Structure formats: structure tokens, C-alpha cells
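These notes concern the structure reproduced below.
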Amino acid sequence: MNSSLRHIALFVPDLRTAEHYYQSIFDMELIGREAELTDGLWYTLPFDKGWDEADAAGIKLDMVGLRKDEFALAFFRGDAPVGQVNVVGLRMPIEEIAKVRARLPEGTQILEDKPDYLEFRDPYLITWQIMFPGSKFSTSGVFANRWLKL
């Protein structure tokens, strides 16, 4: 099976803060900010308008979409429900991993840090595991050479 990750959608308590955080960490571009109106349909904020204009108009935005290459990250306003994704694994060239590492805010909880692998926990309690292309998924114990004693 040949597949790749297209998008992930997460709940966050503060869309504006999440947009800034992920945009700066992963160098992502804005693809849209939306509000669900009383008719149950989603409407996109015009690209020449920002958070301040939406606030001034009394519009409470409910979703933000960001993109990096072919990967999209969407955020919905709200608290993370039970079962929300807690780990996301991405592949990036080593030089891109270094750029993400350099953009992490001071105080970020870094769980593992190697030139070809970076694992950190973001403010929304999502663990990001970033590795170089060609690496295969493995269990944590195999990856770290930790084995159960039988």
C-alpha cells in the first residue's frame, strides 16, 4: 500500500494561539479561517481580513487550516475530546528537522532529540515524532532497544 498523510484535524481551546504556534514551528501557510453559522454551513473569512477584523464584526471563528507542501493541519475550537490523536509522526529531510528544532519555543518539552529524529510535546499535549525519509515505523521498544524480560 502506497499512502501518505494528507491532513490532521485537532481540537484546541484557542484557535488564534494554535495558528501562531503551528505556523511558526512548521513554517505553514494559512489556507483558511472559518466560522459555522446558524444555518449549519461553514463560511471562510476573506483572506484580506484577519483576527482583529473578525472580532470587530462579532464573528467567532471555529476552524483554522494551515498547509505545508501537501500536508494540512486543521484546528477546531474546543476542548480535546477523549480519543483525540495524541501522537503524530511526520517524515522530513534532516535539514527541515533542524529548522523545526530551531523554531521550538523555549521551554518546549523535548522527549528525544537526535539529528535525524525529533520528538516533542506541544502545548496541546500532542506528541510530534519527526524523522527522516526512508525511516520505517517501529515500536518504541525496538527503536530504543528496550525489551521486556520474560
Side-chain angles (χ1 to χ4, degrees), residues 1-36 42-57 59-146:
M1 178 164 102
N2 188 6
S3 62
S4 63
L5 188 60
R6 181 174 166 254
H7 71 274
I8 295 174
L10 304 170
F11 284 96
V12 296
D14 184 328
L15 287 174
R16 193 176 200 166
T17 302
E19 176 185 330
H20 175 74
Y21 178 82
Y22 289 109
Q23 208 168 27
S24 64
I25 296 300
F26 293 120
D27 190 30
M28 301 182 90
E29 68 176 295
L30 177 68
I31 57 175
R33 297 179 184 116
E34 294 192 334
E36 184 179 20
W42 290 85
Y43 295 83
T44 301
L45 186 68
F47 286 102
D48 65 336
K49 306 295 181 208
W51 286 98
D52 292 337
E53 289 91 347
D55 289 344
I59 297 170
K60 188 163 188 149
L61 296 169
D62 298 300
M63 193 280 294
V64 171
L66 301 175
R67 178 183 6 253
K68 174 79 172 192
D69 301 322
E70 298 298 314
F71 174 66
L73 195 50
F75 310 105
F76 290 86
R77 185 173 39 83
D79 294 322
V82 172
Q84 174 163 299
V85 170
N86 68 337
V87 176
V88 177
L90 300 174
R91 286 192 183 115
M92 291 181 185
I94 290 175
E95 57 274 7
E96 285 298 313
I97 296 172
K99 289 177 184 176
V100 169
R101 181 181 295 108
R103 290 189 292 254
L104 290 174
E106 189 175 320
T108 297
Q109 184 181 6
I110 297 177
L111 305 171
E112 195 157 346
D113 190 5
K114 298 178 181 177
D116 61 353
Y117 182 82
L118 175 63
E119 183 174 344
F120 67 93
R121 187 160 295 127
D122 72 20
Y124 308 99
L125 303 180
I126 305 294
T127 298
W128 294 85
Q129 298 171 335
I130 307 171
M131 58 216 67
F132 68 98
S135 59
K136 302 268 190 232
F137 178 82
S138 180
T139 64
S140 297
V142 170
F143 182 77
N145 197 27
R146 292 187 302 258

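Only this structure's heavy atoms are used, side chains among them; waters, hydrogens and symmetry mates stay out. Bear in mind that the values here come from a model prediction, so they are computed numbers and not experimental data.
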With W51 via ring pair (Phe, Tyr, Trp, His ring centres under 6.0 Å) - residues at least two apart: none

Distance-only criterion, 3.5 Å: show the donor-acceptor pairs between side-chain atoms of residues 25-33 and protein atoms not counting sequence neighbours.
unit_1	atom_1	unit_2	atom_2	d
D27	OD2	K68	NZ	3.4
R33	NE	E19	OE1	2.9
R33	NH2	E19	OE2	2.7

In Å, rounded to the nearest 0.5 Å, how long is the span from CZ of R67 to NE2 of H7? 12.0 Å

Would you indicate whether E70, at its atom CD, is surrounded by more than 12 heavy atoms from other residues, nucleotides or ligands within a distance under 6.0 Å? no

The side-chain contact (heavy atoms from CB on, under 4.5 Å) partners of I94 (sequence neighbours excluded) come to D116, F132

Measuring from K114:NZ to I97:CD1, what's the distance to the nearest 0.5 Å? 12.0 Å

E96 and M92: which non-hydrogen atoms are nearest, and at how many Å? CB-CB, 3.9 Å

Scan Y43, W42, F76 and name whichever one has a side-chain contact (heavy atoms from CB on, under 4.5 Å) with E36. W42

Short side-chain to backbone donor-acceptor contact, R77 and V64, under 3.5 Å: no

side-chain contact (heavy atoms from CB on, under 4.5 Å) between F71 and L90: does it pass, once the steps are laid out? CA-CA 10 Å; F71 174 66; L90 300 174; 4.3 Å; yes

Mind listing the closest non-hydrogen atom pair of R121 and T127 along with its distance? NE-OG1, 3.2 Å

Determine, step by step, whether L66 and F75 satisfy the side-chain contact (heavy atoms from CB on, under 4.5 Å) criterion, reporting the C-alpha distance in whole Å, the side-chain angles of both residues, the deciding distance to 0.1 Å, and the verdict. CA-CA 9 Å; L66 301 175; F75 310 105; 3.7 Å; yes

With E119, which of V87, I130, I110, L111 fulfils side-chain contact (heavy atoms from CB on, under 4.5 Å)? L111

Looking only at non-hydrogen atoms, find the nearest pair between E53 and G50 and report the distance. OE1-N, 2.8 Å

Taking every non-hydrogen atom, the tightest pair across R16 and D55: NH1-OD2, 3.5 Å

Can a donor-acceptor pair be found, under 3.5 Å and without considering hydrogens, that links the side chain of Y124 to the backbone of A18? yes

Test side-chain contact (heavy atoms from CB on, under 4.5 Å) on L118 and L104; report intermediate values, then the result. CA-CA 11 Å; L118 175 63; L104 290 174; 4.1 Å; yes

Report the distance from atom CZ of R103 to atom OG1 of T108, rounding to the nearest 0.5 Å. 12.5 Å

